[in-house]
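As the structure is a prediction and not an experimental result, all values here were calculated from the model.
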Amino acid sequence: MSPARLLAGAPLALVILALSGCSSLWSCTDTTAERGEAGVRVQVENASGQPLGVTAEVVDWRLEPHPQVPSRGDQVHFHFRFGGADEVSDIHGPAVDACAVDEERVVLGCHTVYSSQAFGPADDPLTGDDWMAVENPEQVAEMLLIPNDQSHPGRTCEQDIKDGGGPHPPETPGRGDQL
């Protein structure tokens, strides 16, 4: 094949590579949302900081042994409520991080709770309950929720250069983080 024919076909080859996703021509950027202000009652927001029209609230909490594993000692047993989540079309609904904190709002433990877990007693079907084991349960002063919706973390650029990227919720706080 002549050099002229090779050069003539090069633009076509680049177009094919670009369209197939095999090129560095794809621009992909990941951004992480800023962690919202933790509270007992929060307005759930998406990764772009827009309110979803859903509230999440810690109704109550207490320290007690889990009935299935009482030998593990006290755990945080908390009740939560999602208001407006039934208006959201997602099967799991919104999700927020629930965190046990000490008097200075230092995280002792966190995990994500989903509005779909709030199917609670017939007299209050929007409530749910969960358990959280923390290393020093006697230090728990409060249960807080973080308003960032964790139900759609999205694919990162590293996972999918073509269709990934965009805004992502912040990481779940770790033990020792300040809220």
Discussion item. Test: salt bridge (Lys or Arg N to Asp or Glu O under 4.0 Å). Region: residues 37-52. Which pairs qualify, not counting sequence neighbours?
Written reply: Glu37-Arg105, Arg41-Glu57
Practice prompt. Quick one: closest heavy-atom pair of Met132 and Cys110, and the distance?
Written response: SD-N, 3.9 Å
Discussion item. Is there a path of hydrophobic side-chain contacts, each under 4.5 Å between heavy atoms of I/L/V/M/F/W/Y residues, joining Val101 to Leu63?
Written reply: yes
Discussion item. Quick check against the 3.5 Å criterion: does Asn46 have a side-chain atom that pairs as donor or acceptor with the backbone of Ser48?
Written reply: yes
Fill in: Distance, nearest 0.5 Å, that separates CG of Leu108 from CD of Glu138
9.0 Å
Discussion item. In the structure I gave you, are the side-chain heavy atoms of Val40 and Leu145 within less than 4.5 Å of one another anywhere?
Written reply: no
Practice prompt. Evaluate the side-chain proximity of Thr55 to Gln43: yes if any heavy-atom separation is below 4.5 Å, no if none is.
Written response: yes
Discussion item. Using only atom types and a distance under 3.5 Å, with no angle test, would you say the side chain of Asp102 pairs donor to acceptor with the backbone of Gln139?
Written reply: no
Discussion item. Does any part of the side chain of Leu52, heavy atoms only, come nearer than 4.5 Å to the side chain of Asp149, both counted from C-beta?
Written reply: yes
Practice prompt. Just jot down the side chain to side chain contact (heavy atoms under 4.5 Å, CB included) partners of Asp130, sequence neighbours excluded, or say none.
Written response: Phe78, Phe80, His111, Val113, Gln117
Item to complete: Please determine if Arg175 and Glu135 form a salt bridge, counting it only when a charged side-chain N lies under 4.0 Å from a carboxylate O.
Response: yes
Worksheet entry | Test log, rule side-chain contact (heavy atoms from CB on, under 4.5 Å), inputs Trp61 and Val140 | CA-CA 10 Å; Trp61 67 273; Val140 176; 3.6 Å; yes
Worksheet item: Nearest heavy-atom pair of Val107 and Pro173: which atoms, and what distance?
Response: CG2-CB, 4.1 Å
Fill in: Residue pair Arg62 / Asp60, side-chain heavy-atom distance below 4.5 Å
yes
Worksheet entry | CG on Asp129 to NE2 on His79, rounded to 0.5 Å | 4.5 Å
Worksheet item: Linking I/L/V/M/F/W/Y whenever their side-chain heavy atoms sit closer than 4.5 Å, directly or via other members, would Leu179 and Val134 fall into one cluster?
Response: yes
Worksheet item: Considering only heavy atoms from C-beta outward, does the side chain of Thr112 approach that of Thr172 to under 4.5 Å?
Response: yes
Discussion item. With a 6.0 Å cut-off (strictly less than), is the heavy-atom count around CD of Glu104, excluding the residue itself, greater than 12?
Written reply: no
Worksheet item: Does any donor atom in the side chain of Gln75 or His66 lie under 3.5 Å from an acceptor atom in the other side chain?
Response: no
Discussion item. Would you say that more than 12 heavy atoms from the other residues, nucleotides or ligands in this model lie under 6.0 Å from the CD of Gln178, or not?
Written reply: yes
Worksheet entry | CA sep, side-chain torsions, deciding dist, call: Ile146, Cys99, side-chain contact (heavy atoms from CB on, under 4.5 Å) | CA-CA 8 Å; Ile146 298 173; Cys99 300; 3.9 Å; yes
Fill in: Within-4.5 Å side-chain heavy-atom neighbours: Asn148 and Val96
no
Worksheet item: Hey, any chance Tyr114 and Trp131 share a hydrophobic cluster, counting ILVMFWY side chains that come within less than 4.5 Å of each other, even indirectly?
Response: no
Worksheet item: Just by modelled atom types, is the Pro170 backbone N or O under 3.5 Å from a matching donor or acceptor in the Gln150 side chain?
Response: yes
Worksheet item: Considering all heavy atoms of both residues, which atom of Glu171 and which atom of Arg35 are nearest to each other, and what is their separation?
Response: O-NH2, 3.1 Å
Worksheet item: If you look only at pairs with a residue in residues 33-60, which of them pass as a ring pair (Phe, Tyr, Trp, His ring centres under 6.0 Å), with sequence neighbours excluded?
Response: none
